[in-house]
> 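Before I ask anything, here is the structure I am working with.
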Amino acid sequence: DVDRGASPAVTKELLSGLVVALASVPTSIAFASIAGVSPLIGIWSSVVLGAVSTGVGGRPGLIAGAAGVVVVPLAPLIASHGQVYMAPTV
């Protein structure tokens with residue numbers, strides 16, 4: 001017999017992950033424009049930070065705040081040195 005109690009929990013987790021992913025797209029684009037880089041870099045940075053925080057056991061609010069935390073050191077760094085040091089900073 002298959003345990004039918006697990007299916008609603010999996011559905012809720014998938015839907016909540018989709019909502020967080022969709023909500024992080026405009027935030028990532030906005031923070032990328034603040035840092036002065038391409039919007040695609042902002043989106044990929046959000047994906048990488050989400051994957052890393054998931055891999056090391058992140059908290060529920062961590063993914064939503066990750067882009068805001070990264071743009072603080074990135075904006076002046078990119079303004080003074082260009083995009084060369086962006087990947088090591090992230």
> Check Ala30 against Ser33 and note the closest heavy-atom contact, atom names and distance.
O-OG, 2.7 Å
> What heavy-atom pair brings Pro39 and Ala32 nearest, and what distance separates the two atoms?
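That would be CA-CB, 4.0 Å.
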> As an exercise, state the distance from CD1 of Ile43 to OG of Ser24, rounded to the nearest 0.5 Å.
8.5 Å
> Determine the minimum heavy-atom distance between Ala23 and Thr27, stating which atoms define it.
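Distance-wise, the nearest heavy atoms are O-OG1, 3.3 Å.
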